[in-house]
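Single-structure report; data block below.
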Amino acid sequence: MRVHFTVNGRPQEADDVWEGESLLYVLRERMGLPGSKNACEQGECGSCTVRLDGVPVCACLVAAGQAEGRDVVTVEGLADFAKQRAEHGSCATGASGGSGVSGACGSGQGTSGTSGTSLQDAQHWRAEGTDSQTGEGTGLAPIQQAFIDAGAVQCGFCTPGLLVAADELLERNDSPSDADIREALSGNLCRCTGYETILDAVRLAAARQGEVV
Amino acid sequence: MDFLRPATWEEALAVKAEHPTAVPIAGGTDVMVEINFDHRRPEYLVDLNRISELQDWHVGEKTVQLGASVPYSRIMEELRAELPGLALASHTVASPQIRNRGGVGGNLGTASPAGDAHPALLAADCEVEVESQARGSRLIPIDAFFTGVKRNALEADELIKSVHIKKAEGPQQFSKVGTRNAMVIAVCAFGIALHPETRTVRTGIGSAAPTPIRAKAAEEFLNAALEEGGFWDNGKIITPSIAKRFAELCSGAANPIDDVRGTASYRRHAVGVMARRTLGWTWESYRGKSRGTEGVA
Amino acid sequence: MARIMARTTAQSPAGAPTDVTQGSRTKGGVGESTLRPDGTLKVTGEFAYSSDMWHEDMLWGQILRSTVAHAEIVSIDTAEALTVPGVHAVLTHEDLPAARNYGMEFQDTPVLAYGKVRHHGEPVALVAADHPETARRAAAKIKVEYRELPLITDEASATAPDAVLVHEHRADHHAAHVPHPNIVHRQPIIRGNATEAAQRADVIVKGEYTFGMQDQAFLGPESGLAVPAEDGGVDLYVATQWLHSDLQQIAPCLGLPEEKVRMTMAGVGGAFGGREDISMQILASVLALRTGKPVKMVYNRYESFFGHVHRHPAKLSYEHGATRDGKLTHMKCKIVLDGGAYMSSTPSVVGNASSLSVGPYVVDDVEIEAIGLYSNNPPCGAMRGFGAVQACFAYEAQMDKLAAELDMDPVEFRQKNAMEQGTLMPTGQRVDSPAPVAELLRRVKARPLPPEREWESSEGVDVRALPGGLSNTTHGEGVVRGIGYAVGIKNVGFSEGFDDYSTARIRMEVINGEPVATVHTAAAEVGQGGVTIHAQIARTELGVQQVTIAPADTQVGSAGSTSAGRQTYMTGGAIKNSCGIVREKVLEIGRRKFGSYHPAWASAELLLEGGKIVTDGGEVLATLAEVLENEAVEVEQEWRHRPTQPFDLVTGQGDGHVQYSFAAHRAVVEVDTELGLVKVIELACAQDVGKAVNPLSVIGQIQGGTTQGLGVAVMEEIIVDPKTAKVKNPSFTDYLLPTILDTPTIPVDYLELADPNAPYGVRGIGEAPTLSSTPAVLAAIRNATGLELNRTPVRPEHLTGT
């Protein structure tokens, strides 16, 4: 079957999709967006968390056909999404499965069309021009920068899902308590960090958000 | 496999009439796991996400008509007053991401003995509204809904439309044991609802029998004991012996198995503990004396 | 060339200690909490993990795995599978091009089963198809007929007189000395006379302990891409802990010379030992070579539970004696580790379990025996803590029992018997660097306790802070607090005479007027932050700001495995060493060019700092740009730690280990004693790290290791049905990892007592915290419940007697 939906503000289309494919598979293998991760594919780890019409969901449990016509934000578009939110005010659609956010939230992230990460790209990844120390010139979302600064990234496989979930928490609660953070992130497993630095990162992002406002 | 996307409820019923083996998918939190892990290859998947009325609810005078696809996150946030037991149960479902997708319709459709909504629905009392193109809609009392392990009273051409749940007229509680502090499938679960208008108490037990069940003997015992002691009127503390007997009878109602998540004897034991505790919490709340003891949910 | 650019400009936020080391005036050097060079890629989703690989025209590989644990393969029929449209190949062992077995220590593991299958989930056949679903449907059409064989599931069935042999014709290096062919390896240690010493004991404590099978549960599944090359070779992009060990095993199975198997490290989504053995590497390559197309393989989570070795489950019998004044007299123990169907690293795990079975204590008279079994259970091998974890769980339980028996404080009792620098191990090896065991215990004990009843507030009860959490099982009823302590000892690096080395290629050149160092090693970055510290070391040694970390591949010499807590020591040491040679060469060039201009060039102490050559007095002689101009200096050098010796097969004596690492924990738990549910409130750790090359990473390792120990204390276990030897819970629904709501605050207190033998004084840090965390939690639960609890993980039924 063919599916169309918007990813990070950009219309996407995939052909010859097997009906049993998940949104996660289509993002990763057909749309060149492997940032959402395939750790458990049973909704138990949160590594594939994306925003579906604004709502954080496990992309592995959304059938590709269910995303038809809807709006998806992945980690690849998180920086733009956060930037637009900061510029245009909140664009959360709340926990509603209703109409999608359109235009105002998230756009512009170019993708490589209808493929996965090419080997070429995979081999040539580099952080040139993106300084981990300062984030200078990188345009990261505050939560992304906080994860780097707090040491919340080790192997990084859980990171994309945690970022999407944590960003959504800070969108609806700008000064979460530790218990709030723990509850909001209780659907995201991390095997490397013991979560302490992840808590640090969310606190740091919240504090920086508070300073800006 | 075919992926069917009915735009309306009527279309969905037509699809189900034409393809009785078609598997409805709403939140996808059960169906997609089965597909991803190659446990199930349905001929047809029927996506119910586009049917907006399944996402709605209506609060009536006596009941809440809860659309089958209202996500758990909305139940726990927006229906705490009307459906406190179900709201508590909703809060124990898996993770925030899953609660944003899954709803009671899917739980009932899967009819797993471990479904988190079931004990709360049994305790609150409700009717499941199902519909077919051929015969229209009918209401199945929750007590008659679960017919076997992962089996329910639905006909092949029927879909679950909503659940008509009695609005809470008294305190309700829900408790679930898992070996993790979040994101865990029930080892066993217990729901309780006080119904002061009828002076009855209803219960629900999850994951401790082939189907979700009520502890009917325990309810009968407790109803009689409360009546006899005039507890509904005098608001006295339930005596430890009554609570103990109630817990034992709840425990006795369980018919669990040993499995990878827990032993049968632990489940029986835990059901008793939860029954005693949740009875205490609801009764204290009924007596209006312990605002501090309701769990944050 | 693919590379990560690592540039450091800012001071770290974590306020790292600033020891004076050479080049310390160069920012971002050793001792600073510089941030990960791959951090930005990882937070933007651009970092390419092994499962993210993609290639035009690629096929998907799928494995058919055995449905039974032990059986003869009567027949395999692939005919129907081959007819599925979109299928490009269906292979069995008959189609393998060359060697049929692989293995790290001994090649006993079939690439695809032939003759028989020895465990549930063993690969039997392979499919390549144009879509994963096509491959799955085809695999389901392969018909395998099995004739089931009796099962070996424990020591009794393994060594019974008529026991069927898991491996009929053993030819490995341990076959000759083991008491039974179903025993992989046996390592006794006899020192002093335990039986005689027992006479001096006022109290004797015995215990039988069980340690469940833990899974590494790295989140990035086994995956990768094999691309057939025009020269008949293969380019392989995989996530592994040790490229060169993989290569040595892969090439013979493909019938290719090693130079035709070019391996590049893809992004690794965690490892923890589980990627030390081969998973899909050979299988994807075989399919790629057969079909002439690139082949991608990605295990799903179910398959991942069958796709790698696990931590050895163990049965441990211990006897300790002590005098009334609290001195240990002797220890006897027998440790049985179940290695499962294939050898993997079981012999080394046995060596560790045996040699570390006393723990960090002084005991002169010991009688120790550790064995590893062959069985039809899932194969077990490397996991963080590697043989020391199981022993620590048992000896720490024994310490608490002894202290209770003697009516002594459990920490004081441990301190009284704690080893220190100079202590002799039961192997006769002298501990020749700091061993601050008593001090680590003192530090965790001295820490203030977390406040009680934190779940209560004026707003009511917050169930998230209680056992059961969101499941709303208690509002305080039945909740009892407990406190427990444990300390452990772990070896660092490869032991028992293994030729353990790492290789670093360092290149220094001037690019756009800036001196740049390139560090090229084959060391696997599995999340630990190797790439961060490699750059730090190069900065410190070479005085440059800009360091490029080249991707790990087999175009450079072996770095050894990212395991055994060894990479900072070994590859860090190799980089330091190679940098030192580069520095000398640079100085030589400088002397040649400028030596006549300034007498200081002839003096001995010249340093590279801040891109300049300076005297030890701080006088600048030249910039690196002036010295190097268009010249590049490049060095590739192997570097070794001091040699070790094998343990004697009868007495267990020998200087078998390189270095020891110590950590202590205090666990504070709250237990719902009626429901048997546990909430760990705090898990404080004190550890000697030798030298914190990157304090932020050090703390991350300690907290992560601690949490894995917590997991196996209260929830993590692969459950194998003893009747069928089948895995009952291969999913994240039923194999539970701690969530953020299960994980407490983990305050870390680290000491930096340099090991004089190690580069910068570092001590391997990743493993020790995994050891003591588990027994500390168990001790705290015992303290809360009064129960004996001789197995881990502890389950609600154990705490409620149901």
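Within every chain, numbering begins at 1; the chains are lettered A, B, ... in the order of the sequence lines, protein sequences first and strands thereafter.
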With only heavy atoms counted, which part of Gln701(C) is less than 4.5 Å from chain A, the side chain, the backbone, both or neither? both
Residue pairs meeting salt bridge (charged side-chain N to carboxylate O under 4.0 Å, His left out), one or both in residues 139-148 of chain A, sequence neighbours left out, come to none
Steps toward salt bridge (Lys or Arg N to Asp or Glu O under 4.0 Å) verdict (Asp178(A), Arg203(A)): CA-CA 8 Å; Asp178(A) 281 3; Arg203(A) 292 183 200 117; 2.9 Å; yes
Do any pairs count as a salt bridge (charged side-chain N to carboxylate O under 4.0 Å, His left out) and have a residue in residues 184-199 of chain A, sequence neighbours left out, and if so which ones? Arg191(A)-Glu716(C)
Is it the side chain or the backbone of Tyr302(C) that comes within 4.5 Å of chain A heavy atoms, both, or neither? neither
Before giving the answer on salt bridge (Lys or Arg N to Asp or Glu O under 4.0 Å), spell out for Arg2(A) and Glu13(A) the whole-Å C-alpha distance, their side-chain angles and the decisive distance to 0.1 Å. CA-CA 7 Å; Arg2(A) 173 180 292 187; Glu13(A) 178 179 307; 3.7 Å; yes
Between Glu133(C) and chain A, with a heavy-atom cut-off of 4.5 Å, which part of the residue counts as in contact: side chain, backbone, both or neither? side chain
For chain A, the option from Gly711(C), Pro132(C), Gly469(C), Gly705(C) that forms the most heavy-atom pairs under 4.5 Å: Pro132(C)
Ion pair Lys296(C)/Glu29(A), N-O distance below 4.0 Å: yes
Do Tyr25(A) and His131(C) have ring centroids that are under 6.0 Å from one another? yes
Is Arg30(A) salt-bridged to Glu21(A), cutoff N-O under 4.0 Å? yes
Can you tell which part of Asp16(A) gets under 4.5 Å to a heavy atom of chain C, answering side chain, backbone, both or neither? neither
Interchain contact, Glu41(A) with chain C, by part (heavy-atom threshold 4.5 Å): side chain
Quick one: which of Pro160(A), Gly151(A), Cys40(A), Cys190(A) has the most heavy-atom pairs under 4.5 Å with chain C, could you say? Cys40(A)
Does Asp52(C) pair with Lys37(A) as a salt bridge, N-O distance under 4.0 Å? yes
Give, as side chain, backbone, both or neither, the part of Thr707(C) having an atom under 4.5 angstrom from any heavy atom of chain A. side chain
Heavy-atom pair count under 4.5 Å with chain C, highest-scoring of Ala39(A), Ser186(A), Gly35(A): Ala39(A)
What distance separates Asp553(C) CG from Leu236(C) CG, expressed to the nearest 0.5 Å? 12.5 Å
Chain A contact via Trp60(C) - which portion, at a heavy-atom distance below 4.5 Å: side chain
With respect to chain A, which residue among Thr745(C), Thr44(C), Leu219(C) yields the maximal number of heavy-atom pairs within a distance under 4.5 Å? Leu219(C)
Taking atom types as modelled and ignoring hydrogens, do the side chains of Ser50(C) and Ser223(C) form a donor-acceptor contact shorter than 3.5 angstrom? yes
Begin with the C-alpha distance, continue with both residues' side-chain angles, and end with the deciding distance and a verdict on salt bridge (Lys or Arg N to Asp or Glu O under 4.0 Å) for Asp167(A) and Arg85(A). CA-CA 11 Å; Asp167(A) 180 70; Arg85(A) 180 174 58 216; 2.6 Å; yes
What part of Ser304(C) gets within 4.5 angstrom of chain A, counting heavy atoms only: side chain, backbone, both, or neither? neither
So which residue, Ser697(C), Gly529(C), Gly270(C), Gly704(C), ends up with the most heavy-atom pairs under 4.5 Å with chain A? Gly704(C)
Interface check, chain A: of Gln528(C), Gln216(C), Met58(C), most non-hydrogen pairs under 4.5 Å belong to Gln216(C)
Thr733(C) versus chain A, the contacting section by heavy-atom distance below 4.5 Å: both
Under a 4.5 Å cutoff for heavy-atom pairs, which residue among Gly20(A), Ser47(A), Gly156(A), Ala152(A) has the most contacts with chain C? Gly156(A)
With chain C as the partner, which of Ile198(A), Thr159(A), Leu189(A), Leu185(A) has the greatest number of non-hydrogen pairs under 4.5 Å? Leu189(A)
Part of Pro294(C) lying under 4.5 Å from any heavy atom of chain A: neither
Residues Glu76(A), Arg10(A); criterion salt bridge (Lys or Arg N to Asp or Glu O under 4.0 Å); working and verdict: CA-CA 12 Å; Glu76(A) 287 96 339; Arg10(A) 182 177 161 141; over 6 Å; no
Option that, when pairs with chain A are counted at under 4.5 Å, heavy atom only, ranks first among Leu736(C), Leu737(C), Ile702(C), Asp742(C): Leu737(C)
